[in-house]
Amino acid sequence: MPRITLTPDQPFSLDLSLSCGQVFSWEKEGGVWTGVVGSRVIRITQRGDSLSFSGADPGFIRHYFGLDDDLPDILSSIDRDPIIHAAIERNRGLRIIRQPPWECLASYICATYANIPGIKRRIFLLRQNLGDPVPGRRDGVYSFPSPHTLAGAEPCVLSGCRLGYRSAYLAKTARLIAGDPAWEERVHRLPYREAQKELLRFSGVGKKVADCVLLFAFGKWEAFPVDTWIQRIITTCYPDAGPLKTYDQISAFCRSHFGPWAGYAQEYLYCHRTTLARPCGDLSP
DNA sequence: TCCCAGGCCGTCG
DNA sequence: CGACGGCATGGG
């Protein structure tokens with residue numbers, strides 16, 4: 001079984017990274033995480049500084065989990081106030097995962113105005129109803145459906161995935177992308193703001209979804225997704241920022257406050273949301 | 001039964 | 001631009 005030994009100067013927590021709500025298709029059973037990334041079934045476990053895994057080579061694992069990002073450097077650069085400091089102390093080792101772009105985009109279209117268990121359920125149904133079974137010992141493991149498959153899906157099959165009003169958005173975007181295979185390379189090449197504009201062309205994609213995809217799939221670290229949790233945290237815990245009202249005001253304040261790795265700060269705040277969002281921003285543990 | 005959830009779209013000032 | 005209602009569905 002392939003293995004990666006982590007060095008002490010580059011902390012990593014598999015549990016935090018997979019359970020903080022950035023990915024929706026990983027499951028942990030008996031200490032082992034299982035997920036489908038593209039067409040690979042990856043099984044991985046962490047014991048201390050050792051990662052043991054199957055289904056992918058070490059280079060893929062390093063890239064997918066961001067193990068080559070200099071986390072201590074990133075964290076010290078965003079550690080600019082007591083609020084984020086507490087979030088860092090509590091969640092050190094959380095890394096932003098590099099998701100396949102289409103899976104990430106489609107998942108976050110399905111994630112609007114829903115809670116995480118509901119999102120996981122819908123994406124599970126999408127895989128089960130429209131994905132391809134992935135060869136392996138265990139059945140019940142399916143790849144994420146391709147844009148082409150989703151674009152041609154029977155309406156009754158798609159409605160069985162319980163997406164509600166998101167269903168039409170996803171189908172429309174799947175059709176657009178099935179006829180535009182260069183979208184991924186285009187977004188990669190563009191700087192943050194123009195890449196965001198490019199994603200906003202897709203149906204069901206507003207600024208929040210676009211920023212999630214830019215952060216979680218394209219490594220645009222300036223992206224700072226503002227959802228209801230982050231909005232609450234910023235307005236209650238950062239009153240000195242002034243009366244921030246619009247998405248762009250909050251997002252821009254956080255980019256200037258946290259710097260070029262603002263997206264990492266967002267994820268640490270989000271991971272710490274239930275503590276930070278309670279009344280008065282109480283920092284007690 | 002309520003309220004809320006990793007919001008977006010269309011419409012109207 | 002900014003504000004606002006509607007929206008399918010499921011969790012707590």
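Residue numbers begin at 1 in each chain, while the letters A, B, ... track the order of the sequences.
Ring geometry, A:F65 versus A:W26: the interplanar angle falls from 30° to 60°, so the pair is classed tilted. Taking the six-membered ring where tryptophan is involved, the planes of A:Y264 and A:W221 are tilted, since the angle between them lies from 30° to 60°. In this pair, A:F60 and A:Y64 present their aromatic rings parallel. The plane angle is below 30°, not in the 30 to 60° band.
The C1' atoms of C:dG12 and B:dT1 are separated by 12 Å, rounded to the nearest whole Å. Taking atom P on both B:dC4 and C:dG5, the two are 15 Å apart, rounded to the nearest angstrom. For B:dC3 and C:dG6, the P atoms lie 15 Å apart once the distance is rounded to whole Å.
The distance between atom OH of A:Y113 and atom C1' of B:dC3, rounded to the nearest whole Å, is 9 Å. Atom CZ in A:R122 sits about 8 Å away from atom P in C:dT9, given to the nearest Å. Going from atom NZ of A:K207 over to atom C1' of B:dG7 covers 13 Å, rounded to whole Å. Atom pair A:L199:CG and B:dG6:C1' shows a separation of 16 Å (rounding to whole Å applied). In this structure, A:Q249 atom CD and C:dG2 atom C1' are separated by 10 Å, rounded to whole Å. The interatomic distance linking A:L200 (CG) with B:dG10 (P) rounds to 14 Å, in whole Å. Taking atom NZ of A:K120 as the reference point, atom P of C:dG12 lies 12 Å away to the nearest angstrom. Going from atom CD1 of A:I123 over to atom P of C:dG10 covers 15 Å, rounded to whole Å.
Nearest-nucleotide mapping onto DNA chain B: of A:G204 and A:R273, the residue sitting toward the 5' end is A:R273. Nearer the 5' end of DNA chain B, as judged by each residue's closest nucleotide, is the contact made by A:R232, out of A:R232 and A:V209. The 5' end of DNA chain C is approached more closely, in terms of each residue's nearest nucleotide, by A:K245 than by the other of A:K245 and A:R162.
A:F216 comes within 4.0 angstrom of a base, heavy atoms only. Among the protein residues, A:L163 comes within range of no part of the nucleic acid, since none of its heavy atoms lies under 4.0 Å from any strand. Within 4.0 Å of A:E267, counting heavy atoms only, lies at least one base atom of the nucleic acid. At a threshold of 4.0 angstrom between heavy atoms, the contacts of A:A114 include nucleobase atoms, whether or not backbone atoms are also involved. Among the protein residues, A:V205 comes within range of the sugar-phosphate backbone only, with heavy atoms under 4.0 Å from sugar or phosphate atoms but none that close to a base. Within 4.0 Å of A:G21, counting heavy atoms only, lies at least one base atom of the nucleic acid. Residue-level contact check: A:S167 touches neither bases nor backbone, having no heavy atom under 4.0 Å from any strand.
Note on A:F224: it does not cluster hydrophobically with A:I97, by side-chain heavy-atom contacts below 4.5 Å among ILVMFWY residues.
Proximity of a side-chain donor or acceptor of A:R127 to a complementary backbone N or O of A:F124 within less than 3.5 Å is not detected.
A distance cut-off of 5.5 Å between ring centres, combined with a plane angle under 30°, places A:Y270 in a stacking arrangement with the base of B:dG6.
Listed candidates were B:dC8, C:dG11, B:dA5. Nearest to the side chain of A:W229 is B:dA5. When the nucleotides B:dA5, C:dG12, C:dC7 are ranked by their closest atom to the side chain of A:Y165, C:dC7 comes out on top.
Taking the six-membered ring for Trp, A:Y108 and A:F24 have ring centres closer than 6.0 Å.
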